[in-house]
Amino acid sequence: IKKITVTDRKNTVLRTEVVVDHADGTTASYIGLDEKSLQVKLDDPIYPGTVIGTVDDALDSDENHNFKFNIYYFSNEEVEDMEGKKIKIIERSVAPQFLTSDGIKKIESDENYTVKYNEDVLFKEMTPEEKSKNKIVL
């Protein structure tokens, strides 16, 4: 959990970011949460359905609320930049797919989605102990 600085055309705003490390080596970043609403602390396990917090009240230059979600992994991949110079890529983003009421989808901007889940998806990566402990949540 950390504060990050976001600058747009009008001003600079401190925003709260929660970073979640996954067992498969990917990392999820949630930017734009109200620090006072956080429901998790450092090193808390986070399962599907865990409430992390609520979106803050910061507005972008168009007066819209802005919440950023990213999944990425660290990389040592070398590529060529525009001038042909070798550079290392430190992070690679993953385009996540979500289970919605319309099936598995990649989320697009300015669209509305209804979240859906089933036990196969919910418990896919949990240990038997975690499955047993979290089954009552359903």
Side-chain angles (χ1 to χ4, degrees):
I1 300 170
K2 63 182 179 178
K3 288 279 196 189
I4 62 167
T5 304
V6 177
T7 304
D8 65 19
R9 290 175 279 183
K10 291 183 180 178
N11 52 24
T12 300
V13 178
L14 282 176
R15 310 249 357 240
T16 300
E17 177 183 27
V18 173
V19 176
V20 178
D21 295 320
H22 302 138
D24 68 358
T26 59
T27 300
S29 168
Y30 303 83
I31 298 173
L33 296 169
D34 182 348
E35 184 177 22
K36 295 176 190 132
S37 76
L38 294 180
Q39 301 291 308
V40 295
K41 296 185 288 302
L42 189 62
D43 296 327
D44 280 356
I46 297 176
Y47 299 105
T50 298
V51 175
I52 296 173
T54 57
V55 176
D56 63 23
D57 59 0
L59 300 174
D60 65 15
S61 58
D62 295 322
E63 301 296 314
N64 295 311
H65 288 278
N66 193 321
F67 175 77
K68 295 185 181 201
F69 170 72
N70 188 25
I71 297 180
Y72 58 93
Y73 61 93
F74 294 105
S75 170
N76 287 324
E77 184 180 349
E78 250 186 28
V79 296
E80 287 186 12
D81 67 8
M82 299 285 274
E83 290 101 36
K85 202 164 96 178
K86 296 269 185 194
I87 59 170
K88 278 204 175 194
I89 295 176
I90 298 169
E91 291 178 2
R92 276 273 195 209
S93 288
V94 176
Q97 295 184 28
F98 295 88
L99 180 59
T100 72
S101 57
D102 294 326
I104 296 173
K105 302 255 183 199
K106 289 184 180 179
I107 303 297
E108 295 183 30
S109 294
D110 299 322
E111 294 291 326
N112 292 318
Y113 298 92
T114 301
V115 176
K116 182 179 178 183
Y117 63 88
N118 59 39
E119 285 194 12
D120 290 340
V121 171
L122 185 65
F123 295 133
K124 185 175 184 172
E125 297 177 2
M126 289 187 189
T127 65
E129 294 81 23
E130 290 170 333
K131 288 178 186 177
S132 174
K133 180 180 177 187
N134 287 283
K135 196 153 185 109
I136 58 171
V137 173
L138 294 176

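The basis for the numbers below is simple: all heavy atoms, side chains too, and nothing from hydrogens, waters or symmetry mates.
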message: Can you confirm whether Leu33 sits close enough to Phe67 that some side-chain heavy atom of one is under 4.5 Å from a side-chain heavy atom of the other?
response: yes
message: With side-chain contact (heavy atoms from CB on, under 4.5 Å) as the criterion, how do Ile71 and Tyr73 come out once you've worked through the C-alpha distance, each side chain's angles and the decisive distance to 0.1 Å?
response: CA-CA 7 Å; Ile71 297 180; Tyr73 61 93; over 6 Å; no
- request: Verify the neighbour count for atom CD of Glu80: are there more than 12 heavy atoms of other residues, nucleotides or ligands below 6.0 Å?
  value: yes
query: Ser75: what forms a side-chain hydrogen bond (donor to acceptor under 3.5 Å, both in side chains) with it, not counting sequence neighbours?
result: none
message: I need the minimum non-hydrogen distance between His22 and Ala28, along with the two atoms involved.
response: CE1-CB, 3.6 Å
task: Look at the side chain of Gln39 and the backbone N and O of Ser37, then say whether any donor-acceptor pair between them is shorter than 3.5 Å.
output: yes
More than 12 heavy atoms from other groups under 6.0 Å of NZ on Lys86: yes
- request: Please step through side-chain contact (heavy atoms from CB on, under 4.5 Å) for the pair Val19 and Tyr72, ending with a clear verdict.
  value: CA-CA 11 Å; Val19 176; Tyr72 58 93; 4.1 Å; yes
field: Distance-minimising heavy-atom pair for Val40 and Val51
entry: CG1-O, 3.9 Å
- request: Please report the C-alpha distance between Asp34 and Thr16 in whole Å, then the side-chain angles of each, then the deciding distance to 0.1 Å, and finally whether the side-chain contact (heavy atoms from CB on, under 4.5 Å) criterion is met.
  value: CA-CA 7 Å; Asp34 182 348; Thr16 300; over 6 Å; no
query: Sequence neighbours excluded, which residues qualify as side-chain hydrogen bond (donor to acceptor under 3.5 Å, both in side chains) partners of Glu77?
result: Arg92
message: Please tell me whether Thr26 and Asp24 have a donor and an acceptor in their side chains that are separated by less than 3.5 angstrom.
response: yes
query: What is the minimum heavy-atom distance between Phe74 and Thr27, and which atoms define it?
result: CE1-OG1, 4.2 Å
- line: Residues passing the side-chain hydrogen bond (donor to acceptor under 3.5 Å, both in side chains) test with Tyr47, sequence neighbours excluded, are Glu130
